[in-house]
J.: 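Sharing a structure, written as structure tokens. Questions coming.
Hydrogens, waters and symmetry mates play no part in the numbers below; they use all other heavy atoms, side chains included. Since we're looking at a predicted model, the values are computed, not measured. Within every chain, numbering begins at 1; the chains are lettered A, B, ... in the order of the sequence lines, protein sequences first and strands thereafter.
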Amino acid sequence: MKIATFNVNGITSRLPRLLEWLEEAKPDIACLQELKTSDETFPRLEIEAAGYSAIWHGQKGFNGVAVLARDGGGLAERRRGLPGDPDDTHSRYLEASAHGVIVAAIYLPNGNPQPGPKFAYKLAWFARLIEHAASLVASSEPVLLIGDYNVVATDGKGDIYNAASWKKDALLQPESREAYRRLLAQGWTDAIHALHEGKPIYTFWDYFRDRFSRDAGLRIDHLLLNAPARARLREAGVDRAVRGREKPSDHAPTWVVLD
DNA sequence: ATGTCGGCAAAATGCCGA
């Protein structure tokens with residue numbers, strides 16, 4: 001069973017790339033981020049025609065997450081939005097069950113510029129995620145928290161091509177990294193890290209300055225697995241070629257294969 | 001500071017978010 005996450009950076013303009021990737025990669029479950037479209041304008045018919053059921057939490061102009069399940073898979077929504085702040089209007093969290101597993105599509109706030117209110121929001125949102133994740137990690141069912149975490153875990157080459165040029169970015173700040181470590185410490189496994197530690201496996205390449213052709217990337221899309229999911233983990237990878245196509249997202253699909 | 005995108009308000013570009 002293949003489970004993937006893909007920050008599409010606008011599902012409307014990315015629809016050809018998304019449908020093409022679904023057709024060739026055939027993930028059983030795909031979590032999408034940055035839909036950048038309202039609930040009413042989500043391309044439901046096109047997704048269904050590709051063989052997927054979907055639930056989505058849209059927002060006009062930015063954010064937005066979705067869970068897609070191939071051939072239905074008994075897709076059922078469990079939660080939209082994180083608990084802990086009724087005033088939070090951002091569409092960044094969608095939790096569902098399908099194909100016998102629980103998945104959450106996560107779009108963690110970017111947090112730039114830092115310091116500032118956007119960085120404070122990032123850390124507050126992260127704290128709410130950690131609080132909620134504590135209730136999921138001990139599940140006897142496989143659980144996967146997957147998406148764009150907007151965190152580069154370390155300065156190592158496995159995580160970023162050149163940390164120095166991103167030193168002041170919100171993605172590399174000690175507070176962002178500490179929150180990510182606290183989440184992992186609950187008992188989650190970072191799948192790419194577990195199977196490919198130290199290797200430069202990036203998931204995002206900025207549109208600026210020809211970063212993809214230089215492989216000047218960052219690993220910020222993460223798949224976190226609880227123990228029952230970890231026990232079934234066989235492969236993990238990134239569909240890099242998708243980033244090199246016409247009118248691509250700045251992220252590539254990132255995935256795991258479970259038994 | 002800069003570079004490039006997607007999407008918005010609004011009708012061409014300028015702004016925001018990334």
J.: For A/R17 and B/dC5, give me the distance from atom CZ to atom C1', rounded to whole Å.
T.: 15 Å
J.: Toward the 5' end of DNA chain B, which comes first, A/R211 or A/K247, by nearest nucleotide?
T.: A/R211
J.: Taking transitive links into account, so neighbours of neighbours count too, which hydrophobic residues share a cluster with A/L123 at under 4.5 Å side-chain distance?
T.: A/F119
J.: For each nucleotide in nucleotides 7-18 of chain B, reading 5' to 3', give B when a protein heavy atom comes within less than 4.0 Å of its base, S when such contact involves only the sugar-phosphate, and - otherwise.
T.: SSS-------BB
J.: Roughly how far apart, to the nearest Å, are B/dT13 and B/dA1 at atom P?
T.: 27 Å
J.: For nucleotides B/dA12 and B/dG7, find the distance between their C1' atoms and express it as a whole number of Å.
T.: 15 Å
J.: Can you tell me if A/D190 and A/Y180 form a side-chain donor-acceptor pair at under 3.5 Å?
T.: yes
J.: Round to the nearest Å and state the distance from A/E246 atom CD to B/dG6 atom P.
T.: 11 Å
J.: Under 6.0 Å between ring centres: does that hold for A/H132 and A/Y93?
T.: yes
J.: Using a 3.5 Å distance criterion without hydrogens, assess whether the side chain of A/W205 forms a donor-acceptor pair with backbone atoms of A/H251.
T.: no
J.: Using atom C1' of each nucleotide, how far apart are B/dC16 and B/dA10 to the nearest Å?
T.: 15 Å
J.: Identify, with sequence neighbours excluded, every residue that meets side chain to side chain donor-acceptor pair (under 3.5 Å) alongside A/R245.
T.: A/E20, A/E24
J.: Determine whether A/Y202 and A/Y161 satisfy the following criterion, ring pair (Phe, Tyr, Trp, His ring centres under 6.0 Å), listing intermediate values before the conclusion.
T.: CA-CA 9 Å; A/Y202 305 138; A/Y161 69 104; 7.2 Å; no
J.: Can you check the distance between B/dT2 and B/dG14, where both ends of the measurement are the P atom (answer in whole Å)?
T.: 14 Å
